[in-house]
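Quick notes on the structure that follows.
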Amino acid sequence: MTDKNDQIPFENDSGLMDTQRLLLGVDPEKGRDYSLDDILAEYSSSARAPAPPEEAPAPAPAAESPPAPEQTAEETEAAPLPEPEEEDLSEFIGTQWMEAGASGEQPPEEESSVTMEDIVASTVDAVKGDQERAREKWRQRLEKAQRKRAVRREPSPRQSLPPVEEEPPAQDAAAWHRRRYFACRRSLILSGAVVLLLWIPWVLERMGRTVPFFSASADNAAVCVLIPQAIACALAWPVFRAALEGLREGSVTLAGTAALANLVTMLDEITLLLLANRLEAPPLGGVAAVSAVFALWGLKGFHRGMWESFHTATLGRPGWVADVCPHGTAKGKGSLLGFYTRACMEDTASQWQRLLLPVLCAASLVFALLSSVGQGRGQDFLWCWSVTLCAAAGLAFPLAFAVPFGRLAARLARGGGAVAGHYGASVLASARQVVASDGDLFPPGCAGLSGVKLFSEERGRAISYAAGLATLGGGLMGRIFGDAVQREHLSPQSVDNFHIHDGGGLGGIIRGETVLLGPPVFMRRQAVHLPASMPAKTCVCLSVDGELTALFSIKYAAAEPVENALRTAARSGLRLRLATRDGNITPRLLRTRFGTDAGAELLELEERLALSEPDREGGEPNGILYREGIIHLVELSAGSRRLCQTARAGNLLSILGSVCGVLLGFYLTFVGSFASLTPVNLLIYMLLWAAPLLPLVWSVDKV
């Protein structure tokens with residue numbers, strides 16, 4: 001049975017709408033003839049009708065007059081359309097939607113200033129803004145991570161390099177440091193012998209033996225110390241010269257502290273002979289003399305290092321300069337401009353001494369006054385001051401940089417290399433990778449053509465084709481096939497459209513034929529059919545128009561210097577970065593030939609080509625090399641790392657030893673523990689702080 005509502009859906013809806021119009025006071029017949037503009041005008045006018053008189057005063061007639069309730073459609077259309085209020089309009093729109101549903105028609109769209117294009121544009125702008133904020137957040141995080149990595153790569157703090165101006169000739173600088181070096185070496189030998197004689201009575205007495213005249217009284221001991229100490233100071237005159245030069249520049253150096261300690265101890269020994277009420281404590285002239293000898297050792301090492309470095313630079317324009325690139329320490333072409341400036345930069349040990357030693361000297365003077373005059377013992381002032389001064393002139397200071405720098409510079413000079421002082425060493429030590437090319441790993445005579453297997457091709461033509469590609473590709477393959485065409489009295493073929501492929505492959509057009517040259521792995525990628533068995537594990541294939549025409553067996557021989565270089569790099573924590581053009585040179589080949597690959601990694605093709613370019617610019621002269629071979633580059637990089645490590649350890653031990661020594665000396669003198677402050681005990685204390693550095697100093701040149 002069919003429902004009536006299903007048969008006449010519009011009639012029932014129309015009746016409901018007519019009932020609604022009657023309730024609202026609208027004529028149903030007129031309502032059907034009204035348009036949307038008529039309804040809107042009528043409703044707006046009724047919404048603006050004045051309130052009743054008892055609730056609000058009536059508005060002026062001229063200001064606003066309400067429309068007649070029985071206004072016709074024509075009059076409504078002719079009347080001006082007032083602006084509806086927002087809340088009334090929304091209520092009316094709801095009624096309009098009800099009328100549209102009753103009539104079965106779609107309601108007219110409301111005119112609005114916001115279009116669909118505006119909505120889409122605002123949405124796109126909002127999405128773009130979110131993406132920009134996300135990218136900015138990630139960019140800030142990446143910059144922060146890069147700054148952290150940059151701080152880790154720079155283990156040694158360096159001063160800003162001054163502008164490189166006109167530098168003196170390397171010959172003049174080498175000659176000046178050579179004179180200073182030989183003067184310091186001669187003084188060190190003579191003064192060291194005198195100091196050893198000075199300490200013989202103290203050692204014998206410590207062993208329980210009685211020394212004639214020396215053990216009789218404190219005055220006799222003072223005489224036995226004063227005379228040898230004065231002779232040792234006269235022989236160690238370079239220390240006093242360096243102290244005066246430092247004072248002239250407005251700084252207190254280790255030489256100045258050692259010279260001051262010797263002057264104070266000699267004055268104390270004189271007062272011991274002249275003052276009757278002076279404390280019966282042994283003089284400390286022997287300890288001060290040892291500090292002068294160590295300071296002289298440091299001067300000798302510094303001048304030796306500078307002389308060896310500048311003497312190497314007198315050989316002329318260096319073959320290569322060593323600098324740090326994004327992939328590690330690499331060498332390239334360069335000049336000596338800036339080498340002198342870098343070598344003369346102040347090292348970190350000298351910086352700490354220049355900052356710390358004046359404070360320690362001033363503190364020792366104050367502590368001496370407190371321990372002597374403050375305790376009512378003014379006659380013991382020089383002895384109390386000598387205790388803290390000798391402790392301040394620590395024996396570890398010269399072992400931090402000067403002595404190991406001299407040893408390393410002499411070792412590098414024997415191999416035709418030099419490092420630009422502490423500045424250059426810190427730059428080279430900041431990289432843990434060493435870039436090696438074909439010629440570095442297999443120098444001339446260590447790789448060659450051992451055999452040729454032909455496939456439907458003449459021997460001379462195959463070699464000339466391969467030589468044409470290999471000579472353009474450069475590297476080890478260019479050298480091998482260049483030697484081969486010379487032995488066969490051939491000439492390389494000219495190549496058009498030459499291209500270097502990734503994986504060590506070469507390609508080009510020769511006489512209209514597409515020729516490829518490379519290892520078997522490259523040929524398989526190029527869909528060249530290869531035989532099941534190869535004549536050798538290291539071979540190079542030649543194909544013409546996609547057909548294999550020849551197999552060249554390459555023999556790689558291990559050179560002893562290269563093997564030593566790889567083992568040195570592995571011991572020193574260095575890793576190789578292979579900038580090779582020969583596709584056969586891989587970490588696996590290095591392990592097979594040398595027993596180790598030193599953590600070798602193969603760089604990208606563009607990076608390999610750039611770093612293996614023969615005329616590549618090497619950057620700044622932080623290190624210079626005059627001999628070819630990877631062993632010299634590894635020695636330069638490993639030696640720089642050990643020098644910087646020794647300098648850091650030496651700075652720490654020397655600073656702690658001196659500060660603790662001054663504080664301990666002040667405490668013992670203040671409380672009157674004079675029996676503990678014997679020359680032997682104080683010397684043992686100072687040697688204990690310097691002893692850990694001796695293995696580092698000895699091994700800095702054992703790379």
Side-chain angles (χ1 to χ4, degrees), residues 154-159 181 184 188 238-239 242-243 246 251-259 261 290-306 308-309 343-361 390-411 419-430 638-662 685-703:
E154 194 101 19
S156 301
R158 297 192 299 270
Q159 288 180 302
Y181 163 67
C184 292
L188 179 62
V239 174
S251 62
V252 178
T253 60
L254 176 63
T257 306
V290 172
S291 65
V293 170
F294 270 74
L296 191 57
W297 188 16
L299 290 175
K300 168 183 168 290
F302 173 75
H303 290 298
R304 181 189 184 186
M306 299 297 283
E308 295 284 3
S309 300
C344 293
M345 293 293 292
E346 188 178 25
D347 57 276
T348 55
S350 299
Q351 295 174 20
W352 280 109
Q353 295 172 26
R354 180 168 46 84
L355 296 175
L356 182 67
L357 290 179
V359 178
L360 292 181
C361 291
C390 290
L395 304 182
F397 279 114
L399 304 180
F401 175 76
V403 176
F405 172 60
R407 294 177 61 90
L408 177 63
R411 169 62 185 270
V419 63
H422 185 269
Y423 185 92
S426 61
V427 173
L428 298 179
S430 63
S640 299
R641 286 178 56 82
R642 293 192 180 185
L643 179 62
C644 292
Q645 292 171 359
T646 305
R648 287 194 293 269
N651 290 335
L652 178 62
L653 291 177
S654 59
I655 292 171
L656 289 178
S658 297
V659 173
C660 294
V662 170
Y685 169 83
M686 297 172 67
L687 288 175
L688 288 176
W689 284 100
L693 289 176
L694 294 177
L696 297 177
V697 172
W698 177 80
S699 63
V700 71
D701 60 336
K702 302 297 187 295
V703 293

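When reading the values below, keep in mind they use all heavy atoms of this one structure, side chains included, and skip hydrogens, waters and symmetry mates.
- Note on ring orientation: taking the six-membered ring where Trp is involved, the planes of Phe401 and His422 are perpendicular (angle over 60°, cut-offs 30° and 60°).
- Here Leu399 contributes atom CG and Asn651 contributes atom CG; the two are 11.5 Å apart, rounded to the nearest 0.5 Å.
- Distance check: Leu653 CG to Leu395 CG gives 12.5 Å after rounding to the nearest 0.5 Å.
- The closest donor-acceptor contact from the side chain of Ser426 to the backbone of Tyr423 lies under 3.5 Å.
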Steps toward side-chain contact (heavy atoms from CB on, under 4.5 Å) verdict (Leu357, Thr253): CA-CA 7 Å; Leu357 290 179; Thr253 60; 5.6 Å; no
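- The side-chain heavy atoms of Lys702 and Arg407, taken from C-beta on, include a pair separated by under 4.5 Å.
- The side-chain contact (heavy atoms from CB on, under 4.5 Å) test with Leu643 is passed by exactly one of Leu428, Leu408, Leu696, Asp347: Leu408.
- Heavy atoms only, all atoms of each residue included: Leu693 and Ala649 are closest at CD2-C, 3.9 Å.
- Heavy atoms only, all atoms of each residue included: Ala429 and Ser640 are closest at CB-O, 3.9 Å.
- Val239 and Ala292 make their closest contact through CG2-O, 3.7 Å (heavy atoms, listed as atom of the first residue, atom of the second, distance).
- Using a 4.5 Å cut-off on side-chain heavy atoms (C-beta onward), Leu652 and Leu656 make contact.
- Here the CE atom belonging to Met686 is positioned 11.0 Å from the CG atom belonging to Leu688, to the nearest 0.5 angstrom.
- When all heavy atoms of Ala396 and Trp689 are compared, the pair lying nearest together is CB-O, 4.1 Å.
- Listed here is the closest heavy atom pair of Phe302 and Phe405: O-CE2, 4.2 Å.
- Residues Arg642 and Ser699 share a closest heavy-atom pair of NH1-O, 2.9 Å.
- The distance from atom CG of Leu356 to atom CD of Gln351, rounded to the nearest 0.5 Å, is 13.0 Å.
- Every residue was checked against the side-chain hydrogen bond (donor to acceptor under 3.5 Å, both in side chains) condition with Trp297, not counting sequence neighbours, and none meets it.
- Listed by chain and residue number, nothing satisfies the side-chain hydrogen bond (donor to acceptor under 3.5 Å, both in side chains) test with Tyr181 (two or more places apart in sequence, or in another chain).
- For the pair Leu188/Leu299, no side-chain contact is recorded, criterion being any heavy-atom separation below 4.5 Å from C-beta on.
- By the 4.5 Å heavy-atom criterion applied to side chains, His303 and Met306 are not counted as neighbours.
- When the shell of 6.0 Å around CH2 of Trp352 is examined, it contains 12 or fewer heavy atoms from other residues, nucleotides or ligands.
- Residues that satisfy the salt bridge (charged side-chain N to carboxylate O under 4.0 Å, His left out) test with Arg411, not counting sequence neighbours, are Glu635.
- Atom CG of residue Leu254 and atom OG of residue Ser291 lie 8.0 Å apart, to the nearest 0.5 angstrom.
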Under the criterion side-chain contact (heavy atoms from CB on, under 4.5 Å), I'd like the reasoning laid out for Cys660 against Tyr685: C-alpha separation, chi angles, the key distance, then a yes or no. CA-CA 10 Å; Cys660 294; Tyr685 169 83; 3.4 Å; yes
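- A distance of 9.5 Å separates OG of Ser430 from CZ of Arg641, quoted to the nearest 0.5 Å.
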